[in-house]
Amino acid sequence: MGVLFGKVPLVVVTSLRRKLSVTAALGLLLIPGCHASEEILPYAEAIRTPVEDFSGLPVSSSTVESEHSTVFYRYPRLGQSHPLTVEIRTIMAQRQTTFLEDLPEEGTPELHQDMDFLAVSPEVVGARITADSPDDFGDEFGVETLWYDAASDTVLPWTALFTDENALEEVHLAVADVLENEYDMSLEQLPGLVGEVALRHQEETEEQEGSADDEQSDGDGPLDLSDPEQAQQAAEQWADSPLADLAFSTDGGLAVRMNPEDVPDADPANELTLPVEPESLEEFLSTFGYRARDAAVSNDPSDLPDEELTEHGVTLDCERLKCVALTFDDGPGEHTDRLLEMLADYDAHATFYVLGSLVEEYPDVLERMHTQGHELGNHTWKHDDLAGMSAKEIREDIERTNDSVSQIIGVEPSTIRPPYGSSNDTVHETVDQPLILWDVDTMDWQNRDSEAVAEHAIDNTAPGSVLLFHDIHGSTVDAIPDVLEELHNSGYHFVTVADLFGFNELDAGETYTDARVD
Ligand code: NI
C-alpha cells in the first residue's frame, strides 16, 4: 500500500470526550466487572436502521432449507434494476455460493444474510450488509457497507466518503486516539491498520522533527477518492480497516465498529463502536461524504423509491455469479402449479415459454408465475413451426401470443423460444424479440424418465447454462426437486433469462443458446 503522509493537524479532543472518559473511569472504579465499552457506547450511537422500520418498502426475503444447510437472505427492492439492489443481491449471492461450496460434511450450517440502512435521502442511500452464522461459519464474510449516489446513479465504497488517502490516515489516527485515551491502549497495542497508521505517524513525526527538510514521499500521490475507480482501489487496499464498517452517529460524527477482542478493556460479548467526533471529521469528508452524512441524520423513509414491476429487469449480476436459467416450454399445464411450489422452496426463478392458446385456461397460474418473480416468454400461439410461415403470419402469431400474456400480467414477453428451435431468415428479420434456445436439452418430452432428466440436467449444467424442460409432463416436474437440491448445494442461483443474459444487450431476431463463459 503506497501510503503517504502530509501535514498532520492534531486531532482535537473536545470537552465531550473528557466528560466521557470520566464517566467511563467512574464506571470502572465503582462497579466491579463493569466494562468501559458499556459506558462509551451510548455516546457513539450508530445510525443504522433495520429494513423493517421502513413500512411499505418492498423487500425480498427467502429461506432455503436443503438437506445439509439453511440459507437466509433479506434485502430491499429499491426499484427495477436499481444499482444498489443489484449490488446487494449480488454480494449476498456470491457469499451464499462460497458458503455452500465450503460446507463441512457434518451438521446443517446456517447462513443468515441481512442488511440495515445507514442513510436514506433522495441523494444518497447507505446500506450495511451482514452475514451471520450461528456456527461461526459466516464470520469470514464480515460486514460490507455500500453507498448509492443518485447523482451518478452508482454504488460507491465507504472510501468515497473521504477526500483522499491522507484523510483516511487522519480518521484512523482519530480512532487510535480514542483507543489510547479511552481504553488506555499503548501505541504498540493498537490493532491492525489503526496500529500501523499510528506507528507510521509517530515515526514520521519524529523524522520531521529531526530534519528540517521538506522531504516528500514516493511518486504516486495519494488516491483521490472523489474518483470512483480510485475509491474502489482504496477500498481494496484498506479492506481490513475498521472504517469499512462505519456508520454516521447521531451527533454527526462517525461510529466505527471494532472487534472487541482487539481491545483489552472491551467486553467481548458486546458490540464495540468507537466515536469519531464531528470536529475530527470536518476537513476529511468528501462532498459526497457530507451528503451521505446529511442523509444519515435525516433518514427519511419516504425518500425511498417505489418499485414497479413493469418489465423483466436485471436483479443480480450473473457475470460475477454461478447462475443457471431453468426454462419450461409448452405450458402452462396441469402440473405447473406444483412446479411453482417446488421452485419457491429454493427461491428459484425460472422462465416459462408459454403457448398463447393455453394462457386463457390458466390465468391464475400466469399471475402466480409473475408474482413469484418468474419470467414469461413467447412460445407462439399453438406451437407451429415459425420457419414454415410467411412474415405476416409470424408477426400475427407472435403479437397474438404477446398480447395474451400481457393481458393477464401486464408485461409482454421479452424473448421468444421458437418451437422445435426452428427458425430461418424470415423469422430473424421479422421478430422484434431475441430468440432464446438452450445448451442443455434434458430430452424430457421423449424419455419421460424423472431420474434420467434430473441426472442429465445436473451433469451438464455450467455457469451460464440454459436448461430445457417441459412442464406439461408430470415426470419432468417430478425431476425438479433433485435438480434444485443438487444445483443449489453446488452454489448455483436459479435466475430468469433476463438475469442470465443480464446487462448484455440482446438483439431482436438474434439467436442465443446460453451465457456460458467456457
Ligand atoms: Ni415446445
Side-chain angles (χ1 to χ4, degrees), residues 312 324-340 343 349-362 365-366 369 374-389 393-405 408-409 412-424 426-428 430-450 452-454 456-457 460-461 465-480 483 496-498 500-501 506 509-514:
H312 299 296
V324 58
L326 310 182
T327 65
F328 296 93
D329 289 10
D330 297 1
E334 53 178 323
H335 306 288
T336 308
D337 231 8
R338 189 160 62 93
L339 172 61
L340 290 175
L343 294 171
H349 294 165
T351 303
F352 290 89
Y353 286 101
V354 297
L355 294 175
S357 55
L358 294 177
V359 158
E360 285 174 352
E361 273 183 60
Y362 295 95
V365 175
L366 248 73
M369 287 172 180
H374 304 297
E375 182 176 335
L376 275 289
N378 185 326
H379 198 40
T380 73
W381 184 255
K382 54 180 179 64
H383 217 272
D384 289 330
D385 185 351
L386 291 173
M389 298 186 198
E393 286 167 335
I394 294 168
R395 202 171 293 119
E396 282 173 1
D397 186 298
I398 296 297
E399 273 175 22
R400 193 179 177 196
T401 307
N402 282 345
D403 289 349
S404 69
V405 171
I408 295 171
I409 64 164
E412 269 195 11
S414 48
T415 60
I416 296 169
R417 160 113 357 119
Y420 317 103
S422 160
S423 62
N424 60 13
T426 313
V427 176
H428 297 298
T430 306
V431 297
D432 293 331
Q433 293 136 292
L435 304 167
I436 307 294
L437 301 185
W438 53 84
D439 64 310
V440 179
D441 185 353
T442 61
M443 301 298 281
D444 60 334
W445 59 274
Q446 196 175 51
N447 60 38
R448 307 287 179 99
D449 178 342
S450 302
V453 168
H456 188 88
N460 292 283
T461 295
S465 279
V466 177
L467 273 57
L468 172 63
F469 301 97
H470 298 81
D471 54 319
I472 49 168
H473 304 303
S475 52
T476 295
V477 174
D478 290 340
I480 296 303
V483 174
T496 61
V497 161
L500 189 81
F501 290 95
L506 299 185
E510 285 295 316
T511 302
Y512 302 87
T513 57
D514 60 77

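This chain uses plain numbering: 1 for the first residue, then up along the sequence. Whatever order the structure lists them in is the order used to number ligands and atoms, beginning at 1.
Between NE2 of His379 and NE2 of His383, the angle at the Ni ion (ligand 1) works out to 90°, rounded to 10 degrees.
Ring geometry for His379 versus His383: interplanar angle over 60°, hence perpendicular rather than tilted (30 to 60°). Relative orientation of the Phe469 and Phe328 rings is parallel, given thresholds of 30° and 60° on the angle between their planes.
At a cut-off of 2.8 Å, Asp329 does not coordinate the Ni ion (ligand 1) through any N, O or S atom.
Ion pair Arg417/Asp330 not flagged as a salt bridge, since none of the NZ, NE, NH1 or NH2 atoms sits closer than 4.0 Å to an Asp/Glu carboxylate oxygen.
In Asp330, the N, O or S atom that comes nearest to the Ni ion (ligand 1) is OD1.
Of the possible donor and acceptor atoms, none in the side chain of Thr496 sits under 3.5 Å from a partner among the backbone N and O of Glu375.
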